[in-house]
Amino acid sequence: MSESLFDQASIRLADAIAHVNISEDAIERLKSPKASLQVSIPVRMDDGTLKVFQGYRVRYNDLRGPTKGGIRFHPNVNMDEVQSLAFWMTFKCAAVNLPFGGAKGGVAVDPKQLSKFELERLSRGYIDAIADFMGADVDIPAPDVQTNQTIMGWMVDEYSNIQRRLCPAAITGKPLAMGGSVGRETATGLGAFFVIETLLPLLNKQREQTTVAIQGFGNVGAAIADLLSKAGYKVVAVSDSKGGIYTPQGLDVPSIISYKNSTRSFQAVYCQDSVCNLVEHTKITNEELLKLDVDILIPAALENQIKELNAHQIRAKYIFEIANGPVTPAADRILEQQGIMVFPDILVNAGGVTVSYFEWVQNRSGFYWTIEEINDRLKQSMVAETLRIWKIAEQKQISMRTAAYVHALTRLSEAIEAKGTRAYYAQ
Ligand SMILES: NC(=O)C1=CN([C@@H]2O[C@H](COP(=O)(O)OP(=O)(O)OC[C@H]3O[C@@H](n4cnc5c(N)ncnc54)[C@H](O)[C@@H]3O)[C@@H](O)[C@H]2O)C=CC1
Ligand SMILES: O=C(O)CCC(=O)C(=O)O
(Lines give C-alpha, C1' and ligand atoms only; values in the text may rest on other atoms or scores of the structure.)
(Ligands and ions follow the chains in the order given, each with its own letter.)
Protein backbone atom coordinates (compact mmCIF):
# COMPACT_ATOMS: atom_id res chain seq x y z
CA MET A 1 0.00 0.00 0.00
CA SER A 2 1.38 3.45 -0.84
CA GLU A 3 2.26 5.92 1.89
CA SER A 4 -0.47 8.44 2.74
CA LEU A 5 0.29 12.17 2.95
CA PHE A 6 -0.16 11.91 6.71
CA ASP A 7 2.34 9.00 6.89
CA GLN A 8 4.79 11.27 5.10
CA ALA A 9 4.05 14.22 7.41
CA SER A 10 4.63 11.98 10.45
CA ILE A 11 8.16 11.19 9.24
CA ARG A 12 9.10 14.81 10.04
CA LEU A 13 8.10 14.21 13.65
CA ALA A 14 10.09 10.98 13.84
CA ASP A 15 13.17 12.74 12.40
CA ALA A 16 12.99 15.52 15.01
CA ILE A 17 12.29 13.36 18.07
CA ALA A 18 15.85 12.03 18.03
CA HIS A 19 17.14 15.56 18.72
CA VAL A 20 14.75 16.67 21.50
CA ASN A 21 14.46 15.72 25.12
CA ILE A 22 10.77 14.83 25.08
CA SER A 23 8.70 12.31 27.02
CA GLU A 24 7.11 9.23 25.44
CA ASP A 25 3.74 10.58 26.61
CA ALA A 26 4.23 13.83 24.73
CA ILE A 27 5.22 12.00 21.55
CA GLU A 28 2.17 9.77 21.82
CA ARG A 29 -0.08 12.86 22.15
CA LEU A 30 1.29 14.34 18.93
CA LYS A 31 0.83 11.27 16.76
CA SER A 32 -2.87 11.69 16.07
CA PRO A 33 -5.42 14.50 15.71
CA LYS A 34 -7.57 15.70 18.59
CA ALA A 35 -10.74 15.67 16.49
CA SER A 36 -11.74 15.19 12.85
CA LEU A 37 -15.06 16.09 11.29
CA GLN A 38 -16.47 15.15 7.89
CA VAL A 39 -19.66 16.85 6.79
CA SER A 40 -22.08 16.76 3.86
CA ILE A 41 -23.02 20.22 2.62
CA PRO A 42 -26.23 20.39 0.57
CA VAL A 43 -26.19 23.34 -1.83
CA ARG A 44 -29.06 24.54 -4.02
CA MET A 45 -27.52 25.18 -7.44
CA ASP A 46 -28.65 28.04 -9.71
CA ASP A 47 -30.52 25.61 -11.99
CA GLY A 48 -32.66 24.42 -9.07
CA THR A 49 -30.92 21.07 -8.54
CA LEU A 50 -29.42 20.06 -5.19
CA LYS A 51 -25.78 19.08 -4.95
CA VAL A 52 -24.08 17.65 -1.87
CA PHE A 53 -20.40 18.51 -1.29
CA GLN A 54 -18.03 16.82 1.15
CA GLY A 55 -16.38 19.11 3.71
CA TYR A 56 -13.70 18.45 6.35
CA ARG A 57 -12.25 20.13 9.41
CA VAL A 58 -9.47 18.63 11.52
CA ARG A 59 -8.39 20.13 14.85
CA TYR A 60 -5.02 18.48 15.23
CA ASN A 61 -3.78 19.78 18.56
CA ASP A 62 -4.82 22.57 20.94
CA LEU A 63 -2.19 22.26 23.67
CA ARG A 64 -0.81 25.73 22.97
CA GLY A 65 -4.11 27.49 22.29
CA PRO A 66 -7.23 27.44 20.10
CA THR A 67 -6.63 25.63 16.84
CA LYS A 68 -5.92 27.69 13.74
CA GLY A 69 -5.71 27.02 10.02
CA GLY A 70 -7.11 27.79 6.61
CA ILE A 71 -9.94 26.38 4.51
CA ARG A 72 -9.16 24.99 1.08
CA PHE A 73 -11.60 24.64 -1.85
CA HIS A 74 -10.13 22.15 -4.31
CA PRO A 75 -11.40 19.01 -6.08
CA ASN A 76 -8.67 16.86 -4.47
CA VAL A 77 -9.44 17.80 -0.85
CA ASN A 78 -9.83 14.71 1.34
CA MET A 79 -9.42 13.73 4.99
CA ASP A 80 -5.80 12.59 4.60
CA GLU A 81 -4.80 15.94 3.08
CA VAL A 82 -6.71 18.02 5.64
CA GLN A 83 -5.27 16.01 8.54
CA SER A 84 -1.72 16.51 7.19
CA LEU A 85 -2.29 20.23 6.72
CA ALA A 86 -3.62 20.44 10.30
CA PHE A 87 -0.54 18.59 11.55
CA TRP A 88 1.72 21.08 9.74
CA MET A 89 -0.28 24.00 11.24
CA THR A 90 0.38 22.64 14.75
CA PHE A 91 4.14 22.69 14.20
CA LYS A 92 4.04 25.97 12.27
CA CYS A 93 2.23 27.86 15.05
CA ALA A 94 4.68 26.47 17.61
CA ALA A 95 7.73 27.21 15.40
CA VAL A 96 6.85 30.92 15.31
CA ASN A 97 5.54 30.94 18.90
CA LEU A 98 1.89 31.80 18.27
CA PRO A 99 -0.55 30.92 21.08
CA PHE A 100 -2.43 28.58 18.74
CA GLY A 101 -2.70 24.91 17.99
CA GLY A 102 -3.16 23.58 14.47
CA ALA A 103 -6.23 22.90 12.33
CA LYS A 104 -7.23 22.86 8.69
CA GLY A 105 -10.40 22.53 6.67
CA GLY A 106 -11.54 22.07 3.15
CA VAL A 107 -14.29 21.22 0.70
CA ALA A 108 -13.90 18.87 -2.26
CA VAL A 109 -15.05 21.23 -5.00
CA ASP A 110 -13.75 23.04 -8.05
CA PRO A 111 -14.85 26.58 -7.14
CA LYS A 112 -14.22 27.78 -10.70
CA GLN A 113 -17.23 25.68 -11.79
CA LEU A 114 -19.59 27.52 -9.41
CA SER A 115 -21.41 30.82 -9.91
CA LYS A 116 -20.81 33.53 -7.30
CA PHE A 117 -24.16 32.75 -5.62
CA GLU A 118 -23.43 29.01 -5.55
CA LEU A 119 -20.01 29.73 -4.04
CA GLU A 120 -21.60 31.90 -1.34
CA ARG A 121 -24.18 29.21 -0.52
CA LEU A 122 -21.43 26.58 -0.30
CA SER A 123 -19.28 28.81 1.95
CA ARG A 124 -22.19 29.50 4.29
CA GLY A 125 -23.21 25.82 4.21
CA TYR A 126 -19.71 24.76 5.25
CA ILE A 127 -19.80 27.07 8.29
CA ASP A 128 -23.29 25.90 9.17
CA ALA A 129 -21.97 22.32 9.16
CA ILE A 130 -18.89 22.98 11.34
CA ALA A 131 -20.30 25.77 13.59
CA ASP A 132 -20.27 23.62 16.75
CA PHE A 133 -16.64 22.71 16.10
CA MET A 134 -15.25 26.28 15.83
CA GLY A 135 -15.20 29.68 17.59
CA ALA A 136 -12.74 32.40 18.68
CA ASP A 137 -11.54 30.30 21.66
CA VAL A 138 -11.91 26.93 19.97
CA ASP A 139 -10.92 26.86 16.30
CA ILE A 140 -10.37 29.82 13.98
CA PRO A 141 -10.48 29.26 10.19
CA ALA A 142 -8.78 31.48 7.57
CA PRO A 143 -8.12 31.47 3.80
CA ASP A 144 -6.05 28.86 1.94
CA VAL A 145 -5.99 27.58 -1.65
CA GLN A 146 -8.89 29.02 -3.71
CA THR A 147 -10.51 30.78 -0.78
CA ASN A 148 -10.13 34.51 -0.11
CA GLN A 149 -11.33 37.60 1.80
CA THR A 150 -14.77 37.57 0.17
CA ILE A 151 -15.35 33.94 1.17
CA MET A 152 -14.11 34.63 4.73
CA GLY A 153 -16.58 37.55 4.84
CA TRP A 154 -19.53 35.27 3.96
CA MET A 155 -18.30 32.71 6.46
CA VAL A 156 -17.89 35.08 9.42
CA ASP A 157 -21.30 36.60 8.63
CA GLU A 158 -22.85 33.12 8.65
CA TYR A 159 -21.16 32.21 11.93
CA SER A 160 -22.31 35.50 13.50
CA ASN A 161 -25.88 34.82 12.31
CA ILE A 162 -25.80 31.36 13.90
CA GLN A 163 -24.48 32.78 17.20
CA ARG A 164 -26.88 35.78 17.02
CA ARG A 165 -24.01 38.21 17.78
CA LEU A 166 -21.03 39.59 15.92
CA CYS A 167 -18.07 37.20 16.18
CA PRO A 168 -15.24 38.82 14.17
CA ALA A 169 -12.50 36.90 16.01
CA ALA A 170 -13.94 33.54 14.90
CA ILE A 171 -12.43 33.78 11.39
CA THR A 172 -9.38 35.68 10.10
CA GLY A 173 -8.51 36.88 6.61
CA LYS A 174 -11.83 38.80 6.51
CA PRO A 175 -12.50 41.95 4.49
CA LEU A 176 -11.30 45.11 6.28
CA ALA A 177 -14.90 46.31 6.50
CA MET A 178 -15.76 43.29 8.66
CA GLY A 179 -12.80 43.57 11.05
CA GLY A 180 -10.06 42.18 8.85
CA SER A 181 -6.47 43.25 9.32
CA VAL A 182 -4.42 45.40 7.01
CA GLY A 183 -1.58 43.35 5.60
CA ARG A 184 -3.19 39.89 5.87
CA GLU A 185 -3.53 39.37 2.11
CA THR A 186 0.18 39.85 1.46
CA ALA A 187 1.40 38.47 4.82
CA THR A 188 2.40 34.97 3.67
CA GLY A 189 4.51 36.39 0.83
CA LEU A 190 5.98 39.10 3.05
CA GLY A 191 6.83 36.63 5.81
CA ALA A 192 8.64 34.45 3.27
CA PHE A 193 10.44 37.53 1.97
CA PHE A 194 11.72 38.28 5.49
CA VAL A 195 12.95 34.68 5.83
CA ILE A 196 14.83 34.88 2.51
CA GLU A 197 16.29 38.30 3.35
CA THR A 198 17.48 37.04 6.75
CA LEU A 199 19.18 34.01 5.25
CA LEU A 200 20.68 35.56 2.12
CA PRO A 201 23.81 36.98 3.84
CA LEU A 202 24.26 33.71 5.73
CA LEU A 203 24.26 31.93 2.37
CA ASN A 204 26.77 34.47 1.01
CA LYS A 205 24.40 35.62 -1.72
CA GLN A 206 23.39 39.04 -3.00
CA ARG A 207 19.99 40.00 -4.31
CA GLU A 208 21.04 41.12 -7.79
CA GLN A 209 22.97 37.90 -8.38
CA THR A 210 20.14 35.68 -7.15
CA THR A 211 17.84 34.06 -9.71
CA VAL A 212 14.43 32.80 -8.62
CA ALA A 213 11.79 30.47 -10.10
CA ILE A 214 8.31 30.41 -8.56
CA GLN A 215 5.74 27.64 -9.02
CA GLY A 216 2.20 28.90 -8.41
CA PHE A 217 0.99 32.44 -9.05
CA GLY A 218 -1.92 32.76 -6.63
CA ASN A 219 -2.25 34.73 -3.41
CA VAL A 220 1.20 33.86 -2.11
CA GLY A 221 3.13 33.08 -5.33
CA ALA A 222 2.30 36.44 -6.93
CA ALA A 223 3.04 38.31 -3.69
CA ILE A 224 6.51 36.81 -3.26
CA ALA A 225 7.30 37.33 -6.97
CA ASP A 226 6.39 40.99 -6.61
CA LEU A 227 8.38 41.52 -3.40
CA LEU A 228 11.49 39.77 -4.67
CA SER A 229 11.52 41.50 -8.05
CA LYS A 230 10.99 44.93 -6.45
CA ALA A 231 13.89 44.21 -4.08
CA GLY A 232 16.23 43.48 -7.01
CA TYR A 233 16.18 39.66 -7.19
CA LYS A 234 15.99 38.23 -10.70
CA VAL A 235 12.66 36.39 -10.96
CA VAL A 236 13.28 34.35 -14.11
CA ALA A 237 10.26 32.01 -14.14
CA VAL A 238 6.70 31.84 -12.84
CA SER A 239 3.86 29.41 -13.48
CA ASP A 240 0.34 28.43 -12.55
CA SER A 241 -1.55 25.15 -12.91
CA LYS A 242 -1.62 25.44 -16.72
CA GLY A 243 2.06 26.28 -17.35
CA GLY A 244 4.60 29.03 -17.06
CA ILE A 245 7.06 31.47 -18.59
CA TYR A 246 10.82 31.80 -18.33
CA THR A 247 13.44 34.31 -19.31
CA PRO A 248 17.03 34.29 -18.06
CA GLN A 249 17.14 38.13 -18.05
CA GLY A 250 14.34 38.31 -15.45
CA LEU A 251 10.59 38.80 -15.89
CA ASP A 252 8.68 42.06 -15.55
CA VAL A 253 6.64 40.84 -12.59
CA PRO A 254 4.48 43.96 -11.99
CA SER A 255 3.28 43.82 -15.62
CA ILE A 256 2.44 40.12 -15.29
CA ILE A 257 0.48 40.80 -12.11
CA SER A 258 -1.46 43.71 -13.57
CA TYR A 259 -2.20 41.71 -16.73
CA LYS A 260 -3.38 38.76 -14.64
CA ASN A 261 -5.55 41.04 -12.49
CA SER A 262 -7.16 42.71 -15.48
CA THR A 263 -7.91 39.49 -17.39
CA ARG A 264 -8.40 37.31 -14.29
CA SER A 265 -6.30 34.78 -16.14
CA PHE A 266 -2.63 34.02 -15.84
CA GLN A 267 -2.80 31.70 -18.80
CA ALA A 268 -3.37 34.65 -21.11
CA VAL A 269 0.06 35.97 -20.16
CA TYR A 270 1.79 33.11 -21.87
CA CYS A 271 -0.83 32.27 -24.47
CA GLN A 272 -1.18 35.67 -26.14
CA ASP A 273 2.06 36.92 -27.54
CA SER A 274 0.55 40.39 -27.98
CA VAL A 275 0.71 41.04 -24.23
CA CYS A 276 4.26 39.94 -24.04
CA ASN A 277 6.04 43.10 -24.65
CA LEU A 278 6.85 42.10 -21.05
CA VAL A 279 10.20 40.73 -22.27
CA GLU A 280 11.10 37.91 -24.59
CA HIS A 281 10.22 34.72 -22.82
CA THR A 282 9.93 31.01 -23.34
CA LYS A 283 6.77 29.09 -22.47
CA ILE A 284 7.57 26.25 -20.12
CA THR A 285 5.68 23.49 -18.36
CA ASN A 286 5.47 23.17 -14.60
CA GLU A 287 7.83 20.21 -14.71
CA GLU A 288 10.37 22.30 -16.62
CA LEU A 289 10.09 25.15 -14.12
CA LEU A 290 11.02 22.83 -11.27
CA LYS A 291 14.15 21.71 -13.11
CA LEU A 292 15.53 25.18 -13.93
CA ASP A 293 19.11 26.00 -13.00
CA VAL A 294 18.35 28.84 -10.56
CA ASP A 295 19.59 29.91 -7.15
CA ILE A 296 16.20 29.80 -5.45
CA LEU A 297 13.21 27.62 -6.28
CA ILE A 298 9.95 28.55 -4.58
CA PRO A 299 7.11 26.01 -4.76
CA ALA A 300 4.00 28.09 -3.97
CA ALA A 301 1.21 25.82 -5.24
CA LEU A 302 0.35 22.44 -3.74
CA GLU A 303 1.93 19.54 -1.84
CA ASN A 304 4.00 16.67 -3.31
CA GLN A 305 5.53 18.63 -6.19
CA ILE A 306 9.12 17.50 -5.58
CA LYS A 307 9.21 13.78 -4.90
CA GLU A 308 11.44 10.75 -5.29
CA LEU A 309 10.65 10.69 -9.01
CA ASN A 310 11.93 14.18 -9.91
CA ALA A 311 14.14 15.20 -6.94
CA HIS A 312 17.34 14.15 -8.69
CA GLN A 313 16.47 16.55 -11.56
CA ILE A 314 16.31 19.64 -9.35
CA ARG A 315 19.17 22.05 -10.08
CA ALA A 316 18.25 24.95 -7.77
CA LYS A 317 20.67 25.62 -4.91
CA TYR A 318 17.99 26.49 -2.36
CA ILE A 319 14.31 25.64 -2.03
CA PHE A 320 12.05 27.89 0.00
CA GLU A 321 8.73 26.11 0.59
CA ILE A 322 5.87 28.58 0.53
CA ALA A 323 3.35 25.88 -0.31
CA ASN A 324 2.55 23.43 2.46
CA GLY A 325 4.29 20.10 1.96
CA PRO A 326 5.70 20.58 -1.56
CA VAL A 327 8.74 18.36 -0.92
CA THR A 328 8.25 14.75 0.21
CA PRO A 329 10.52 13.13 2.85
CA ALA A 330 11.99 10.83 0.19
CA ALA A 331 12.82 13.86 -1.95
CA ASP A 332 14.36 15.60 1.09
CA ARG A 333 16.93 12.82 1.38
CA ILE A 334 17.84 13.01 -2.32
CA LEU A 335 18.10 16.82 -2.25
CA GLU A 336 20.31 16.66 0.82
CA GLN A 337 22.66 14.25 -0.95
CA GLN A 338 22.81 16.72 -3.85
CA GLY A 339 23.71 19.55 -1.46
CA ILE A 340 20.43 21.41 -2.04
CA MET A 341 19.17 23.18 1.08
CA VAL A 342 15.44 23.15 1.81
CA PHE A 343 13.91 25.86 3.99
CA PRO A 344 10.71 24.35 5.36
CA ASP A 345 7.07 25.38 4.99
CA ILE A 346 6.45 25.55 8.74
CA LEU A 347 8.87 28.49 8.89
CA VAL A 348 8.79 30.02 5.40
CA ASN A 349 5.00 30.36 5.03
CA ALA A 350 4.25 31.23 8.66
CA GLY A 351 3.75 34.94 7.88
CA GLY A 352 0.10 34.34 6.95
CA VAL A 353 -0.92 32.76 10.21
CA THR A 354 1.18 35.31 12.13
CA VAL A 355 -0.85 38.19 10.70
CA SER A 356 -4.00 36.12 11.25
CA TYR A 357 -2.95 36.06 14.90
CA PHE A 358 -2.57 39.86 14.79
CA GLU A 359 -6.07 40.08 13.29
CA TRP A 360 -7.51 37.90 16.07
CA VAL A 361 -5.77 40.06 18.72
CA GLN A 362 -7.16 43.24 17.11
CA ASN A 363 -10.68 41.77 16.97
CA ARG A 364 -10.55 40.78 20.63
CA SER A 365 -9.17 44.11 21.82
CA GLY A 366 -11.21 46.26 19.41
CA PHE A 367 -8.08 48.32 18.73
CA TYR A 368 -6.75 48.28 15.17
CA TRP A 369 -3.11 48.59 14.09
CA THR A 370 -1.49 50.40 11.18
CA ILE A 371 0.19 48.60 8.28
CA GLU A 372 3.56 49.74 9.65
CA GLU A 373 2.81 48.15 13.04
CA ILE A 374 1.67 44.91 11.39
CA ASN A 375 4.66 44.63 9.08
CA ASP A 376 7.18 45.61 11.79
CA ARG A 377 5.84 42.98 14.17
CA LEU A 378 5.76 40.39 11.40
CA LYS A 379 9.36 41.19 10.48
CA GLN A 380 10.54 41.00 14.10
CA SER A 381 8.98 37.59 14.56
CA MET A 382 10.06 36.06 11.22
CA VAL A 383 13.65 37.26 11.55
CA ALA A 384 14.00 36.10 15.17
CA GLU A 385 12.52 32.62 14.56
CA THR A 386 14.55 32.15 11.35
CA LEU A 387 17.77 32.90 13.22
CA ARG A 388 16.80 30.61 16.11
CA ILE A 389 16.15 27.73 13.71
CA TRP A 390 19.36 28.44 11.79
CA LYS A 391 21.29 28.25 15.08
CA ILE A 392 19.69 24.92 16.03
CA ALA A 393 20.57 23.52 12.60
CA GLU A 394 24.17 24.64 13.01
CA GLN A 395 24.55 23.44 16.59
CA LYS A 396 23.01 20.02 15.99
CA GLN A 397 24.29 19.67 12.40
CA ILE A 398 20.81 18.89 11.11
CA SER A 399 18.70 20.15 8.19
CA MET A 400 16.69 23.37 8.51
CA ARG A 401 13.52 21.27 8.36
CA THR A 402 14.51 19.04 11.25
CA ALA A 403 15.71 22.12 13.16
CA ALA A 404 12.34 23.82 12.66
CA TYR A 405 10.57 20.70 13.97
CA VAL A 406 12.98 20.47 16.92
CA HIS A 407 12.23 24.13 17.72
CA ALA A 408 8.45 23.60 17.50
CA LEU A 409 8.57 20.27 19.33
CA THR A 410 10.43 21.81 22.25
CA ARG A 411 7.64 24.39 22.67
CA LEU A 412 4.91 21.77 22.25
CA SER A 413 6.60 19.50 24.74
CA GLU A 414 6.74 22.34 27.31
CA ALA A 415 2.98 22.85 26.90
CA ILE A 416 2.29 19.12 27.24
CA GLU A 417 4.43 18.81 30.38
CA ALA A 418 2.94 21.99 31.89
CA LYS A 419 -0.55 20.50 31.66
CA GLY A 420 0.47 17.54 33.81
CA THR A 421 -0.77 13.99 33.73
CA ARG A 422 -4.47 14.78 34.24
CA ALA A 423 -4.66 15.29 30.50
CA TYR A 424 -4.07 11.55 30.06
CA TYR A 425 -6.96 10.39 32.29
CA ALA A 426 -4.53 8.57 34.57
CA GLN A 427 -5.49 5.13 35.90
N1 LIG B 1 -3.07 31.82 1.52
C2 LIG B 1 -2.31 31.78 2.59
O3 LIG B 1 -2.31 32.69 3.42
C4 LIG B 1 -1.36 30.65 2.79
C5 LIG B 1 -1.15 29.72 1.82
N6 LIG B 1 -0.21 28.74 2.02
C7 LIG B 1 0.04 27.71 1.03
O8 LIG B 1 0.52 28.30 -0.18
C9 LIG B 1 0.11 27.50 -1.30
C10 LIG B 1 -0.64 28.38 -2.30
O11 LIG B 1 -1.73 28.98 -1.63
P12 LIG B 1 -2.49 30.26 -2.22
O13 LIG B 1 -1.55 31.11 -2.98
O14 LIG B 1 -3.26 30.84 -1.11
O15 LIG B 1 -3.50 29.57 -3.22
P16 LIG B 1 -4.17 30.18 -4.53
O17 LIG B 1 -5.35 29.36 -4.80
O18 LIG B 1 -4.32 31.65 -4.40
O19 LIG B 1 -3.05 29.91 -5.64
C20 LIG B 1 -2.57 28.65 -5.98
C21 LIG B 1 -1.76 28.81 -7.24
O22 LIG B 1 -1.12 27.58 -7.57
C23 LIG B 1 -1.37 27.27 -8.93
N24 LIG B 1 -1.25 25.84 -9.11
C25 LIG B 1 -2.07 24.85 -8.73
N26 LIG B 1 -1.57 23.66 -9.10
C27 LIG B 1 -0.36 23.90 -9.69
C28 LIG B 1 0.65 23.12 -10.27
N29 LIG B 1 0.57 21.80 -10.32
N30 LIG B 1 1.74 23.74 -10.77
C31 LIG B 1 1.85 25.07 -10.74
N32 LIG B 1 0.93 25.87 -10.21
C33 LIG B 1 -0.16 25.30 -9.70
C34 LIG B 1 -2.74 27.85 -9.21
O35 LIG B 1 -2.97 28.00 -10.59
C36 LIG B 1 -2.59 29.18 -8.47
O37 LIG B 1 -1.86 30.10 -9.26
C38 LIG B 1 -0.72 26.36 -0.69
O39 LIG B 1 0.10 25.26 -0.45
C40 LIG B 1 -1.21 26.95 0.63
O41 LIG B 1 -1.55 25.97 1.56
C42 LIG B 1 0.55 28.70 3.15
C43 LIG B 1 0.37 29.62 4.14
C44 LIG B 1 -0.67 30.62 4.08
O1 LIG C 1 -4.02 32.32 8.55
C2 LIG C 1 -4.29 31.26 9.05
O3 LIG C 1 -4.86 31.14 10.11
C4 LIG C 1 -3.90 29.94 8.42
C5 LIG C 1 -3.06 30.03 7.21
C6 LIG C 1 -2.82 28.65 6.68
O7 LIG C 1 -3.75 27.93 6.41
C8 LIG C 1 -1.48 28.14 6.53
O9 LIG C 1 -0.54 28.73 7.08
O10 LIG C 1 -1.28 27.10 5.87
Side-chain angles (χ1 to χ4, degrees), residues 58 65-77 81-82 84-93 95-96 98 100-106 110-112 139-149 151-152 169-174 180-181 183-192 213-225 237-244 256-257 260 264-267 269 284-290 298-306 320-327 344-360:
V58 174
T67 51
K68 186 90 190 78
I71 298 167
R72 176 173 291 198
F73 283 179
H74 192 277
N76 297 344
V77 164
E81 181 186 58
V82 173
S84 307
L85 288 160
F87 170 92
W88 288 320
M89 284 307 304
T90 304
F91 287 88
K92 186 185 305 182
C93 291
V96 292
L98 304 180
F100 288 140
K104 203 82 174 197
D110 179 358
K112 292 187 187 131
D139 177 37
I140 308 134
D144 189 64
V145 172
Q146 298 195 112
T147 58
N148 54 26
Q149 268 197 1
I151 292 175
M152 295 307 117
I171 292 183
T172 61
K174 304 175 288 292
S181 177
R184 174 60 187 88
E185 277 203 304
T186 47
T188 309
L190 186 58
I214 303 171
Q215 185 203 43
F217 207 71
N219 177 12
V220 297
I224 190 69
V238 294
S239 71
D240 72 359
S241 58
K242 307 265 169 29
I256 298 174
I257 292 175
K260 183 198 162 209
R264 305 191 62 78
S265 153
F266 179 78
Q267 199 179 358
V269 174
I284 52 171
T285 64
N286 266 304
E287 292 69 37
E288 286 165 344
L289 181 138
L290 293 176
I298 302 184
L302 295 172
E303 53 271 8
N304 276 352
Q305 296 301 300
I306 302 173
F320 285 81
E321 297 182 322
I322 293 195
N324 286 299
V327 178
D345 46 7
I346 63 166
L347 168 68
V348 177
N349 72 27
V353 70
T354 301
V355 175
S356 274
Y357 165 57
F358 298 160
E359 182 173 331
W360 180 77

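All figures in this text were calculated on a predicted structure; none of them were measured in a lab. In listed order, ligands and their atoms are each counted from 1.
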Measure [X] to ligand 1 on non-hydrogen atoms and call it side chain, backbone, both or neither using the 4.0 Å cut-off.
X	value
His74	neither
Lys242	neither
Thr188	side chain
Gln305	side chain
Ala300	backbone

Open item on the list: For ligand 2, which is the ligand I care about here, please tell me if Asn349 has any N or O atom under 3.5 Å from one of the ligand's N or O atoms.
Closed with: no
Task: Close N or O approach (Gly70, ligand 2; < 3.5 Å) - done: yes
Test your reading of the structure: does [X] have an N or O sitting under 3.5 Å from an N or O of ligand 1?
X	value
Lys104	no
Phe217	yes
Ala323	no

Residue and atom name of the nearest protein heavy atom (relative to [atom]), distance in Å to one decimal:
atom	answer
atom 20 (C) of ligand 1	Gly218 CA, 4.2 Å
atom 31 (C) of ligand 1	Asn286 OD1, 2.9 Å
atom 13 (O) of ligand 1	Val220 N, 3.0 Å
atom 34 (C) of ligand 1	Ser241 N, 4.0 Å
atom 32 (N) of ligand 1	Asp240 C, 3.2 Å
atom 5 (C) of ligand 1	Asp144 OD1, 3.8 Å
atom 17 (O) of ligand 1	Gln146 N, 2.9 Å

Test your reading of the model: is there a side-chain donor-acceptor pair from [X] to the backbone of [Y], 3.5 Å cut-off?
X	Y	answer
Gln305	Glu303	yes
Gln215	Pro299	no
Lys260	Phe217	yes

Open item on the list: Whether the Arg72 and Thr147 side chains hold a donor-acceptor pair (N or O, under 3.5 Å, no angle test) is what I'd like checked.
Closed with: no
TODO: Examine the side chains of Asn148 and Asn219 and answer whether a donor and an acceptor come within less than 3.5 Å of each other.
DONE: no
Task: Sub-4.5 Å side-chain heavy-atom contact between Pro143 and Ile151 - done: no
Task: Nearest candidate to atom 1 (N) of ligand 1, where distance is taken over non-hydrogen atoms, out of Asn219, Val145, Thr172 - done: Asn219
TODO: Starting at CZ of Phe100, measure out to CG of Asp139 and round the result to the nearest 0.5 Å.
DONE: 10.0 Å
